[in-house]
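A short write-up of the structure that comes next.
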Amino acid sequence: MKPLDAEIGCATALVVDGNPASRSILTNMLRDFGVRQVVQTSRAADARKALEYRHFDIVVCEYHFEGQAMTGQDLIDDLRLAQILPLSTVVVMISSEAGYERVAEAAEAALDAYIIKPHTEEALRERLVQARHRKRVLRDVIQKIEARDYIAAAELCQARFETRSACWIQAARIGAELWLKLGKPHSSQKLFEAILATRALPWARLGIARSEYQAGGVQKARRTLESLLNDQPHYADAYDVMGRVLLESGEPDAALAALRRGCDLAPGCVARVQKLGVLAFYHGTPHEAGVALQRAVILGLNSKVFDLQGLVLLALLKFDAGDLRGVTQCLSSIKASREGQPQSARLRRFEEVIQIVRALLERQIAEAVMRTQGLLQELRAPDFEFEAASNLLAVLARLLRREVKFPELSEHLQTLAARFAVSRASCELLSRAAHGRPDFDALIRECYASTCARAEEAVSHTLSGRPDEAVALLMDAAERTLNAKLMDLAQHTLERHWSAIADREALKARVDALDKQYRSYGTQIRLGQHDIVRLEQGSPRPGAEATPAPGS
């Protein structure tokens with residue numbers, strides 16, 4: 001049989017199928033097509049490990065694996081959500097399920113083809129030829145993405161879309177995802193809407209909802225998602241986004257219900273199970289959180305798709321249950337992960353938190369206090385993020401419950417709350433991390449009220465025609481507290497009233513320096529490795545359409 005293309009002889013392929021006979025047939029088909037290097041695996045979990053550490057040009061994956069927790073869809077979802085699967089790889093899913101819902105779900109996973117059994121050799125060949133052709137047409141875009149030049153890649157996609165060049169729909173989709181990554185939701189939404197106009201694709205509707213959410217239109221995103229899920233109730237990705245939207249809308253119970261539904265549809269997807277566990281830790285029950293986090297550990301602890309914050313929360317739950325062995329296992333896993341990233345401050349803090357609760361269980365109070373004091377000294381460190389603050393509060397609540405005393409604890413808590421109480425949502429999460437201690441809760445909300453008062457005072461200066469005083473007031477408070485809400489408002493006021501501010505250049509230097517070093521750490525919480533929920537309320541950061549924001 002004629003080779004797929006001139007480059008196919010140098011290509012590598014991975015065949016993932018639990019049935020030895022069909023796996024062998026697929027392997028022989030690929031070799032007949034001219035692929036010389038074909039790797040086989042019978043388990044989705046093994047395929048995930050292979051794809052995390054090795055590049056394949058072609059992946060042919062069965063959807064269903066008899067007796068295995070993961071499906072082929074779970075595999076692709078995990079790799080996509082963790083941003084591991086290269087855009088250059090051609091991915092083909094093979095399944096006996098011809099239902100439209102499954103096809104729609106697969107499309108969102110960025111598959112290049114979805115083939116229904118029984119299929120012929122020629123059908124597989126035709127799909128591969130088409131997919132490889134699209135990769136060649138979009139090679140300039142792919143190369144820019146691989147070089148992490150996301151702006152240039154997005155602009156190439158935009159140009160191909162506007163001129164309706166070859167593969168413009170695929171380019172528009174890639175461009176829409178890139179604009180979202182770059183913090184330009186309005187640009188992204190235009191591309192998704194153009195794609196949707198050509199065909200009622202569920203993933204395009206979901207893309208519009210994601211764009212609306214990132215642009216600050218939480219209720220618009222919710223309406224779009226409700227309509228989508230009414231039409232596509234089996235669309236797991238839509239429940240992921242709905243969970244974030246509901247959480248930001250102040251409806252944690254409904255957010256949990258959405259994530260539960262997503263996990264029911266994709267029980268082998270590590271990222272989804274972990275998100276459910278994290279959300280249940282803060283807003284659900286300890287039992288549900290423990291079950292979900294333990295399952296995520298079993299499914300993917302040694303995988304890149306697993307976020308190690310899940311181990312910290314699991315260790316805290318094990319501590320609450322008096323399970324020293326469970327805490328020790330969590331600690332061993334963190335230590336093993338740190339060996340590959342010894343310079344990671346995030347992982348070091350994870351280990352410290354687990355060391356503290358283990359020391360408490362072993363009645364090593366002096367060691368627990370010493371390690372906790374070390375974390376308290378880092379409260380103003382540039383990379384000390386909201387996640388670290390919530391973990392520290394969780395540890396302090398458990399220490400105080402055992403009547404452990406700390407010198408200057410009130411001052412430390414004041415520093416933490418003043419920095420990280422940026423919204424009602426952040427106050428709620430911080431309070432829940434601290435097991436709802438009334439004294440912690442009162443301090444957190446008092447600091448948030450103080451932040452709001454400074455913001456209102458600045459607004460009154462602006463309305464009185466004194467924007468320079470407003471920016472100076474905000475910057476004085478922001479530099480003192482490191483509060484991202486104040487930084488955000490200072491930047492917005494400076495940009496909006498630029499021409500009316502005499503010492504604008506000096507103020508801009510102060511704003512930029514503080515923003516660059518601190519801002520992003522105080523306004524986000526991770527539900528998983530790459531799933532971020534904003535803790536600010538209202539519109540996104542002013543100027544987001546002009547300045548790329550950190551990727552999600």
Side-chain angles (χ1 to χ4, degrees), residues 247-248 250 252 278-279 281-283 309 312-313 316 345-346 349-350 352-353 372-400 406 408-455 474-491 514-527 532-538 540-541 549-550:
L247 183 59
E248 193 157 323
V278 172
L279 192 59
F281 179 89
Y282 289 108
H283 291 285
Q309 168 70 359
V312 176
L313 301 186
L316 292 170
R346 182 175 184 245
R349 293 185 185 116
F350 285 176
E352 283 297 297
V353 168
T372 304
Q373 287 176 331
L375 290 177
L376 288 169
Q377 296 304 315
E378 297 185 53
L379 279 171
R380 290 182 64 86
D383 62 354
F384 196 89
E385 53 192 350
F386 184 92
E387 175 185 70
S390 63
N391 289 342
L392 178 54
L393 281 177
V395 164
L396 286 169
R398 286 160 174 81
L399 283 163
L400 295 177
F406 283 92
E408 303 178 346
L409 179 59
S410 60
E411 290 84 351
H412 289 308
L413 288 174
Q414 180 78 27
T415 299
L416 185 152
R419 178 174 180 179
F420 294 105
V422 297
S423 67
R424 292 188 183 90
S426 69
C427 290
E428 183 68 21
L429 281 168
L430 290 172
S431 179
R432 286 177 178 270
H435 273 216
R437 282 185 62 97
D439 52 342
F440 283 24
D441 181 78
L443 178 60
I444 290 164
R445 298 186 190 283
E446 179 184 323
C447 286
Y448 179 56
S450 177
T451 294
C452 291
R454 297 290 77 72
L474 290 166
M475 284 307 300
D476 287 344
E479 288 166 345
R480 184 177 67 256
T481 64
L482 306 181
N483 185 283
K485 179 183 180 75
L486 298 175
M487 298 180 204
D488 192 37
L489 186 55
Q491 185 173 59
L514 200 62
D515 180 88
K516 180 180 179 180
Q517 193 171 16
Y518 287 101
R519 184 186 184 281
S520 66
Y521 292 105
T523 59
Q524 301 173 337
I525 187 169
R526 302 170 190 244
L527 286 183
I532 304 296
V533 173
R534 297 193 310 268
L535 295 177
E536 303 150 302
Q537 294 179 326
R541 175 186 178 193

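Computed from a predicted structure; not experimentally measured.
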Least distance between heavy atoms, Ala433 atom then Tyr282 atom:
CB-CE2, 3.9 Å
Take Asp439 and Leu413 through the side chain to side chain contact (heavy atoms under 4.5 Å, CB included) test and state the conclusion after the steps.
CA-CA 10 Å; Asp439 52 342; Leu413 288 174; 6.0 Å; no
Okay, side chain of Asp515, backbone of Met487: is any donor-acceptor separation there less than 3.5 Å?
no
Intermediate values then yes/no, side chain to side chain contact (heavy atoms under 4.5 Å, CB included), Glu387 and Arg349
CA-CA 10 Å; Glu387 175 185 70; Arg349 293 185 185 116; over 6 Å; no
Considering non-hydrogen atoms only, spot the tightest contact between Leu443 and Ser410 and give its length.
CD2-O, 4.5 Å
Between the main-chain N or O of Cys447 and the side-chain N or O of Thr451, is there a donor-acceptor pair closer than 3.5 Å?
yes
Salt bridge (Lys or Arg N to Asp or Glu O under 4.0 Å) against Arg445, all qualifying residues, sequence neighbours excluded:
Glu428, Asp441
About how many Å separate CZ of Phe440 and CG of Leu393, when rounded to the nearest 0.5 Å?
6.0 Å
Interatomic spacing from CG in Leu474 to NZ in Lys485 - rounded to 0.5 Å:
10.5 Å
Apply side chain to side chain contact (heavy atoms under 4.5 Å, CB included) to the pair Asp488 and Val422, showing each step before the final yes or no.
CA-CA 10 Å; Asp488 192 37; Val422 297; over 6 Å; no
When rounded to the nearest 0.5 angstrom, what distance separates CD in Glu378 from CG in Asp383?
7.5 Å
As a quick check of understanding, evaluate side chain to side chain contact (heavy atoms under 4.5 Å, CB included) for Leu514 and Glu479, giving each step before the final call.
CA-CA 7 Å; Leu514 200 62; Glu479 288 166 345; 3.8 Å; yes
Between CZ of Phe384 and OG1 of Thr415, what distance do you get to the nearest 0.5 Å?
11.0 Å
In Å and rounded to the nearest 0.5 Å, what is the CG to NE2 distance from Leu375 to His412?
11.0 Å
Testing the 3.5 Å rule here: is there a donor-acceptor pair between the side chains of Asn391 and Glu352?
no
Ignoring hydrogens, what is the shortest heavy-atom contact between Gln309 and Phe350? Give both atom names and the distance.
OE1-CE2, 3.1 Å
So, do Phe386 and Leu430 sit near enough that their side-chain heavy atoms are less than 4.5 Å apart?
yes
Atom of Glu385, atom of Phe420 and distance for their closest heavy-atom approach:
C-CE2, 3.6 Å
Check Pro382 against Arg419 and note the closest heavy-atom contact, atom names and distance.
O-NH2, 3.6 Å
How far apart are the closest heavy atoms of Ala421 and Cys427, and which atoms are they?
CB-SG, 4.0 Å
When rounded to the nearest 0.5 angstrom, what is the spacing between CZ in Arg454 and OG1 in Thr481?
10.0 Å
